[in-house]
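See below for the structure under consideration.
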Amino acid sequence: MSTKDIFGQFLKPNSIFKNRETLRSTYMPEELPHREKEIEQLASVLVAALRGETPSNIFIYGKTGTGKTCVTKFVGNQLIKTGKSLNKPVEFIYINCQVVDTQYRVLTHITNQFIKKWDERVPFTGWPTDEVYSKLMECIDRFGGAVTIVLDEIDKLVMKSGDDLLYNLSRINSDLKVAKASIIGISNDLRFTELLDPRVKSSLGEEEMIFPSYNADEIKDILEKRAALAFKEDVIAPGVLSLISALAAQEHGDARRALDLLRVAAESAERDGGTRVEESHVYEALERIESDRISEVLRTLPTQSKLVLISAIKGEELKGGSLTTGEAYEVYKQMCNISGYPVLTERRVTELISELDMLGIIEARVVSFGKYGRTKEIKVGSQRGEVIASLSREPSILELLDMKGKQKKLDAL
DNA sequence: AATCCACAGGAAGCCCGGGAAC
DNA sequence: GTTCCCGGGCTTCCTGTGGATT
């Protein structure tokens with residue numbers, strides 16, 4: 001290549017964006033349309049913090065993309081702001097329990113939020129949990145104000161490590177001498193409270209809020225407001241926003257997904273060098289989002305999970321249909337022997353299969369063949385091609401997929 | 001109605017690598 | 001050093017179960 005300006009060619013032309021960031025899920029808009037009621041309700045509970053009282057604990061439910069996180073953070077920001085202007089000590093701590101996913105980690109995370117103000121820290125491992133808890137109490141009391149702790153995706157944590165953390169946090173106020181604390185739990189699974197100890201349930205569920213899904217009109221409205229911030233004039237072809245809202249409404253009214261679709265569609269329009277986002281770009285985006293998701297998941301998949309996945313693909317191919325757990329395990333064992341990886345137990349492999357199912361890479365559902373047992377029916381779903389393409393980027397894996405003449409062994413099945 | 005298959009999936013505990021405190 | 005913690009991956013052992021077959 002000559003001295004051509006390689007970046008310039010991408011920088012200069014016809015960017016259709018005015019501000020791309022406004023379409024990202026991290027962006028916090030100044031207003032949240034169709035969530036006024038929820039904001040008000042949440043604020044009416046949390047205002048107690050500004051009066052020096054203890055706000056009630058709250059459970060928030062709603063499907064993904066219904067604005068739970070957004071509304072909570074929004075109100076939290078306002079709370080801090082107002083607290084500052086009134087000179088009231090309030091603290092608002094947000095934790096995503098899918099990322100911070102054990103009792104110990106949540107406690108250290110919260111503690112470190114306070115502690116960093118006075119230059120210490122709790123190590124990420126090493127201390128007994130109750131010591132972290134005591135330290136947390138000490139820190140909150142030293143802070144002395146009202147603390148609101150948000151546990152987002154709380155169902156993930158409870159499913160993984162039980163409700164010990166929630167039990168401890170629910171009696172937090174009786175351990176505090178001067179400060180006050182309240183908990184906001186956010187979940188998209190309505191049934192998860194069934195897993196909780198009744199005491200925890202009643203203590204944390206003092207207030208309950210349910211976020212309804214957006215309908216297509218509301219999503220369209222949200223999109224229009226964001227699009228006005230994100231794009232230059234007349235960039236969106238007519239019908240595009242309606243199409244996206246309709247697609248998102250099909251998926252239980254997921255606003256985040258709608259915004260993603262719009263952003264990715266616009267990006268592919270931009271790449272084409274076009275000046276308008278057309279409906280075709282939306283369909284392109286639909287596929288692109290899915291395939292990006294899959295390759296991202298596969299990239300970070302542990303080797304054993306990959307082996308199980310390949311076994312499912314290969315087994316399906318050999319059998320010409322869906323597999324049972326037992327069949328998949330047989331293929332998996334062969335696969336390990338061939339490639340020299342250690343063979344895990346069937347118990348572990350069923351767990352890996354379930355994980356792959358939850359990641360949406362394969363479909364595994366429990367079926368009963370009556371007298372002939374009860375097992376899981378395993379299918380490498382509609383994204384089969386995408387999965388294989390993604391896996392094939394790794395040479396060592398490619399070898400396994402080809403299975404170079406080793407079918408003989410597998411034919412024995 | 002009872003049986004019984006082929007697993008599902010819970011519980012406990014091991015081992016390892018991280019670290020703290022003494 | 002030793003001894004204590006926590007978490008992740010894993011095994012061992014186990015009880016539970018939907019529904020075709022008996």
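Just so it is clear: chains get the letters A, B, ... in the order the sequence lines come, proteins before strands, and each one is counted from 1. Keep in mind it's a predicted model, so treat the numbers as computed, not measured.
- Classification of A/R256 and A/D260 as a salt-bridged pair fails, no side-chain N sitting under 4.0 Å from a carboxylate O.
- Remark: C1' of B/dG9 and CE of A/M159 are 14 Å apart, rounded to the nearest angstrom.
- Among the nucleotides C/dG7, C/dG8, B/dA8, the one closest to the side chain of A/Y104 is C/dG7.
- For the pair A/L323 CG and B/dA6 P, the computed distance is 16 Å after rounding to whole Å.
- A distance of 6.0 Å or more separates the ring centres of A/F211 and A/Y61.
- Dashed line: the shortest gap from a side-chain N or O of A/W127 to OP1 or OP2 of B/dA21 is under 4.0 Å.
- Note: CG (A/D164) to C1' (C/dG7) measures 15 Å, nearest angstrom.
- Looking only at side-chain heavy atoms (C-beta outward), A/Q78 and A/K81 come within less than 4.5 Å of each other.
- For A/T125 and B/dG18, a side-chain-to-base donor-acceptor distance below 3.5 Å is present, hydrogens and geometry of angles not being considered.
- A straight line from CD of A/E327 to C1' of B/dC7 spans 12 Å, rounded to a whole angstrom.
- For the pair A/I353 CD1 and B/dC7 C1', the interatomic distance rounds to 11 Å; values are reported in whole Å.
- In this structure, A/R384 pairs ionically with A/E317, as a charged nitrogen and a carboxylate oxygen lie closer than 4.0 Å.
- A salt bridge is defined here as a Lys NZ or Arg NE, NH1 or NH2 lying under 4.0 Å from an Asp or Glu carboxylate O, and A/K37 with A/E40 fails to meet this definition.
- Taking atom CZ of A/F124 as the reference point, atom C1' of C/dC5 lies 12 Å away to the nearest angstrom.
- In this structure, A/T375 reaches the sugar-phosphate backbone alone: every heavy-atom distance under 4.0 Å involves primed, P, OP1 or OP2 atoms, never a base.
- Summarising the geometry, the separation between NZ on A/K376 and P on B/dA8 is reported as 6 Å, rounded to the nearest angstrom.
- Toward the 5′ end of DNA chain C lies the nearest nucleotide of A/G126, the other residue of the pair A/L352 and A/G126 mapping further downstream.
- Side chains of A/E290 and A/Q383: a donor on one and an acceptor on the other come within 3.5 Å.
- Between A/S354 and A/P123, the residue anchored closer to the 5' end of DNA chain B is A/S354, taking for each the nucleotide with the nearest heavy atom.
- Going from atom CD of A/E355 over to atom C1' of C/dC10 covers 12 Å, rounded to whole Å.
- Using a cutoff of 4.0 Å between basic side-chain nitrogens and carboxylate oxygens, A/E131 and A/K135 are not scored as salt-bridged.
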> Once each nucleotide of nucleotides 11-22 of chain C is scored for protein heavy atoms under 4.0 Å, what B/S/- sequence comes out, 5' to 3'?
Replying inline: SBB--BBBBBS-
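- OP1 or OP2 of B/dG9 has not a single side-chain nitrogen or oxygen of A/T350 nearer than 4.0 Å.
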